[in-house]
*Asks:* 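The following block contains the structure, expressed as structure tokens.
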Number of protein chains: 2
Amino acid sequence: MASFRSIEWLHDRGQLRLLDQRQLPAREEYVDCDTVTSLVAAINDMVVRGAPAIGVAAAYGLSIAAFGYQGKSLKELVRITQDAAAILKASRPTAVNLVWAVDEALRRIRSENAADAESFKSATIRIAHELYDEDIQTNRAIGAAAAELFAEQTTVIHHCNTGSIATVDYGTALGAIRIASESGKSVFVYVDETRPRLQGAKLTRWELQQFNIPHQLIVDGASGHVMRSRKVDFCIVGCDRVAANGDVANKIGTYNLAVVAQKNNVPFYVAAPLSTIDLKTISGAEIEIEERPDAEVTSVDGHSIAPTGTAVYNPAFDVTPGDLISGFITERGIVRPPFTANLAKLMEKSR
Amino acid sequence: MASFRSIEWLHDRGQLRLLDQRQLPAREEYVDCDTVTSLVAAINDMVVRGAPAIGVAAAYGLSIAAFGYQGKSLKELVRITQDAAAILKASRPTAVNLVWAVDEALRRIRSENAADAESFKSATIRIAHELYDEDIQTNRAIGAAAAELFAEQTTVIHHCNTGSIATVDYGTALGAIRIASESGKSVFVYVDETRPRLQGAKLTRWELQQFNIPHQLIVDGASGHVMRSRKVDFCIVGCDRVAANGDVANKIGTYNLAVVAQKNNVPFYVAAPLSTIDLKTISGAEIEIEERPDAEVTSVDGHSIAPTGTAVYNPAFDVTPGDLISGFITERGIVRPPFTANLAKLMEKSR
């Protein structure tokens with residue numbers, strides 16, 4: 001278990017406590033959200049980040065909305081919750097877990113057929129807790145599925161952060177690395193620092209250190225040199241959305257890493273909970289790529305590296321075509337090409 | 001002309017004044033070197049950087065050594081200068097201009113057949129000045145040769161810094177961009193920030209701003225997304241060494257950019273003065289890749305982004321195989337594949 005909890009529901013207050021990931025690893029600070037607006041701001045500012053963590057946080061957002069209602073009208077409460085759902089789903093555009101988690105929470109809440117406002121409120125909490133617990137189970141199952149990829153001695157390159165705080169706990173790609181290490185295998189990780197927000201340098205490196213997993217931090221531009229000059233068994237990343245054809249939206253820099261991996265015959269695996277697989281998205285071309293503030297590039301922790309007014313292009317994600325991907329590691333096993341057929345089969349089975 | 005001079009010989013003092021590129025663009029500061037040891041330290045610490053600038057600075061290093069000698073013995077002065085040459089050539093391992101410039105300066109000094117110590121001292125200065133002037137001519141000729149690559153509207157991606165301060169003046173790849181812009185063509189530049197030392201964010205962006213050339217700063221991992229989502233006509237970079245087969249050592253991240261360019265059918269050009277072409281190096285596999293201090297990755301301008309003791313791998317350069325390169329832009333025109341034959345022809349002609 002991680003030493004910090006990324007997400008915690010404070011029931012007595014009807015508030016969601018979020019670990020402030022912007023301050024890590026320097027400081028352990030928390031942000032308490034007691035309104036949907038404050039939670040949306042926290043998601044937008046990346047207090048909470050990582051597609052699975054955002055999804056579960058947003059599910060609790062429905063509870064925040066429900067707890068904020070003091071009246072007795074079930075009808076009005078349902079409307080308030082639905083409005084909150086719409087706002088939460090729009091807080092970040094690229095990751096699909098967010099939409100999935102909110103819709104899934106709403107669906108389950110409805111299926112409880114609450115008789116009055118109080119039992120509806122209780123249902124929102126119970127369902128959010130369910131999604132919370134399921135996220136941990138999912139990540140453990142992804143780790144179990146990934147076990148076959150790890151030999152006794154395995155070296156990987158990892159991009160961004162996909163660890164315990166990017167999820168409820170354990171993590172996806174980094175969870176797989178951790179589970180392999182805990183099973184006694186020797187794993188070495190090259191950690192892409194992941195500009196601009198340095199999730200690799202700050203979060204992944206910090207988690208690997210906690211778990212005593214040997215690693216070296218590299219700049220993102222060095223991954224190809226590492227593949228050419230040292231042994232790398234595979235690359236492993238998380239994802240924000242998988243399209244029906246296997247195209248993947250993930251943190252900016254993922255596409256470059258995947259292209260360079262293919263050129264060097266290094267397999268490229270994507271850890272993908274089913275909640276990130278979106279068959280309604282036909283291909284990556286349909287995925288909206290969020291652009292984030294210039295200051296993420298022109299400054300580091302408030303320290304300016306280029307003057308204000310510098311022209312910047314700062315896409316937060318990119319799309320990696322499915323043909324660069326060796327397989328998706330899901331909680332139901334590893335899905336290999338052809339992805340259009342095999343992802344459809346996987347999702348059919350999981351209904 | 002650039003507003004700052006990267007290198008200036010202070011004749012009255014027998015000192016070399018270097019623009020401190022580590023402080024740019026925030027501060028215009030200079031480091032005066034009056035011993036070979038201090039110049040080697042300045043090269044090593046990257047007070048002066050950029051393969052052509054390092055080469056010319058090292059040539060002046062022979063003058064510093066000669067001026068430091070107060071005796072009358074020509075024989076002793078020659079020995080001192082030769083010792084200095086050996087030390088200077090070893091100050092950084094990857095760029096070949098350094099070796100080329102020092103050897104070329106020594107060769108020309110010898111051919112002057114100085115009769116006494118005083119005329120030998122004068123010769124070291126005269127020859128360093130020659131190399132200084134030739135570097136500017138070379139860069140202008142590279143710009144002229146590159147003209148055919150620039151259409152009326154051209155968008156390029158540029159990595160690292162190859163501008164006026166990476167050379168004596170004008171620059172290689174960035175010089176070509178500037179000359180195209182000055183000739184009335186519309187050029188747009190995506191500027192790779194170039195981690196770890198951020199030469200793109202700090203130096204290239206600053207020079208483009210001075211020359212009113214439109215640009216946007218991107219993180220290195222975003223280049224592929226730019227190629228997939230926007231029009232990019234070609235990539236253009238400098239180099240530290242070109243092997244006989246066309247393999248190129250250049251700033252870390254160049255290889256990733258070249259692989260991604262090939263994948264997207266974006267031509268990849270390398271601006272290469274003849275002084276960077278080293279036919280004695282058969283292929284890139286023979287080029288020693290300098291590893292630089294961990295702190296370049298774990299901190300930015302002294303601001304820590306990962307704690308001391310973080311395990312880091314920090315290669316300063318990588319090797320891009322010749323088969324990823326569309327052409328070398330030299331002062332004698334553009335060299336296209338097959339490189340082994342055409343680089344040999346070029347160097348034969350230039351003797």
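Quick note: numbers below take in every heavy atom, side chains included, and nothing from hydrogens, waters or symmetry partners.
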*Asks:* Is it the side chain or the backbone of B:Thr194 that comes within 4.5 Å of chain A heavy atoms, both, or neither?
*Replies:* neither

*Asks:* Could you check whether any side-chain heavy atom of B:Gln209 comes within less than 4.5 Å of a side-chain heavy atom of A:Thr310, counting everything from C-beta outward?
*Replies:* no

*Asks:* Chain B heavy atoms under 4.5 Å from A:Asn264: which part of the residue, side chain, backbone, both or neither?
*Replies:* side chain

*Asks:* Would you mind checking which part of A:Val191 comes under 4.5 Å of any heavy atom in chain B, side chain (CB onward), backbone (N, CA, C, O), both or neither?
*Replies:* neither

*Asks:* Looking only at heavy atoms, what is the nearest atom pair of A:Tyr313 and B:Arg230, with distance?
*Replies:* CE1-NH2, 3.0 Å

*Asks:* Heavy-atom distance under 4.5 Å between the side chains of B:Ile218 and A:Val312, does that happen here?
*Replies:* no

*Asks:* Could you look at A:Ser229 and say if it's the side chain, the backbone, both or neither that has a heavy atom under 4.5 Å from chain B?
*Replies:* side chain

*Asks:* Hey, could you give me the NE2/OH distance between B:His225 and A:Tyr255, rounded to the nearest 0.5 Å?
*Replies:* 11.0 Å

*Asks:* Name the region of B:Pro315, side chain, backbone, both or neither, that has any atom closer than 4.5 Å to a heavy atom of chain A.
*Replies:* side chain

*Asks:* Which region of A:Leu208, side chain (C-beta onward) or backbone (N, CA, C, O), has a non-hydrogen atom less than 4.5 Å from a non-hydrogen atom of chain B, or is it both or neither?
*Replies:* neither

*Asks:* Ignoring hydrogens and geometry, is there a side-chain-to-backbone donor-acceptor pair from A:Asp220 to B:Gly221 under 3.5 Å?
*Replies:* no

*Asks:* Which heavy atom of B:His215 sits nearest to which heavy atom of A:Ala311, and what is that distance?
*Replies:* O-CB, 3.1 Å

*Asks:* Output the distance between atom CZ (B:Arg195) and atom CG (A:Leu198), rounded to the nearest 0.5 Å.
*Replies:* 6.5 Å

*Asks:* Is A:Leu257 close to chain B through its backbone or its side chain, or both, or neither, when contacts mean heavy atoms under 4.5 Å?
*Replies:* neither

*Asks:* Can you check side chain to side chain contact (heavy atoms under 4.5 Å, CB included) on B:Lys263 and A:Gln262, steps first, answer last?
*Replies:* CA-CA 10 Å; B:Lys263 182 79 181 175; A:Gln262 187 190 51; 2.8 Å; yes

